[in-house]
Amino acid sequence: MNLLEEKYIILEIIPTAIHPKKGDIIQLSAIKLDGLKLLDRFDFRLREDLIALQDFKDLISYDKSSFTYKNSTKEILEEFKEWSNDLPLLIIDNLYTENFLETLTNHKESIFKYLDTKYNDNIIDELIKKYELEPSNYIVDILYESLIKHL
């Protein structure tokens, strides 16, 4: 895929478990791009009162008014499917992202392929350092800024 000429989506999922049968998506953030031009954002969360563990509530305690809240993972994924149409998805290629997106038919690729690196537990910190980025709670923004600097 030519990221400078095509439309695509970068996304990030924060789940409560590795597999959808054992947990929920508590946040799905995505950006829709045409080349490197930002077209739209998707920032959805599970309603806070539906999240059992305080650690997860703390993890997503920022910018509460910037998100749309839904009653279930199913609702979040349905909204995302409609929003994303059939555009390719550049994903963080970890097990939970792949598991939660398995019902989507969009083409999926690792974003790290386009950054000439591989996923690891410290990859976001490595990208911030490598590209001299400001830390952010929005991982999709860090990935987007990394692409801009890399390409």
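Numbers here simply count residues along the sequence, with the first being 1.
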Are side-chain N/O atoms of [X] and [Y] paired as donor and acceptor at under 3.5 Å?
X	Y	result
Asp58	Gln54	yes
Asn120	Glu126	yes
Asp141	Ser136	no

**Study point:** Arg47 NZ/CZ over Phe67 ring centroid, <6.0 Å and within 45° of normal
**Key:** no

Exercise for review: Name all residues meeting the ring-ring contact (aromatic ring centres under 6.0 Å, His included) criterion together with Phe80; count only those two or more places apart in sequence or in a different chain, and write none if there are none.
Suggested key: Phe42, Trp83

Just by modelled atom types, is the [Y] backbone N or O under 3.5 Å from a matching donor or acceptor in the [X] side chain?
X	Y	value
Ser72	Glu75	yes
Asn122	Asp125	no
Tyr8	Gly35	yes
Lys108	Leu104	yes
Asn137	Tyr62	no
Lys7	Asp34	no
Arg45	Ile60	yes

Tell me if the [atom1] atom of [X] is crowded by more than 12 foreign heavy atoms within 6.0 Å.
X	atom1	value
Lys57	NZ	yes
Lys81	NZ	no
Ile18	CD1	no

Check whether any side-chain heavy atom of [X] lies under 4.5 Å from a side-chain heavy atom of [Y], and answer yes or no.
X	Y	result
Glu48	Lys64	yes
Leu28	Glu12	no
Thr68	Lys70	yes
His19	Glu102	yes
Leu59	Ile14	yes
Leu11	Ile92	no
Pro20	Asn99	yes
Met1	Leu90	yes

Closest non-hydrogen atom pair, [X] against [Y]:
X	Y	answer
Asp63	Tyr138	OD2-OH, 2.7 Å
Ile10	Val140	O-CG1, 3.9 Å
Ile25	Ile76	O-CD1, 3.7 Å
Leu38	Asp40	CD1-O, 3.6 Å
Lys130	Leu115	NZ-O, 4.1 Å

Exercise for review: Would you mind checking if Glu132 and Lys149 are paired as a salt bridge, meaning a charged N to carboxylate O distance below 4.0 Å?
Suggested key: no

Exercise for review: Report the C-alpha separation of Ser66 and Asp43 in whole Å, then their side-chain angles, then the decisive distance to 0.1 Å, and conclude whether the side chain to side chain donor-acceptor pair (under 3.5 Å) test is met.
Suggested key: CA-CA 7 Å; Ser66 298; Asp43 291 303; over 6 Å; no

Review point. Among pairs that include at least one residue of residues 89-127, which meet ring pair (Phe, Tyr, Trp, His ring centres under 6.0 Å), considering only residues two or more places apart or in two chains?
Key: none

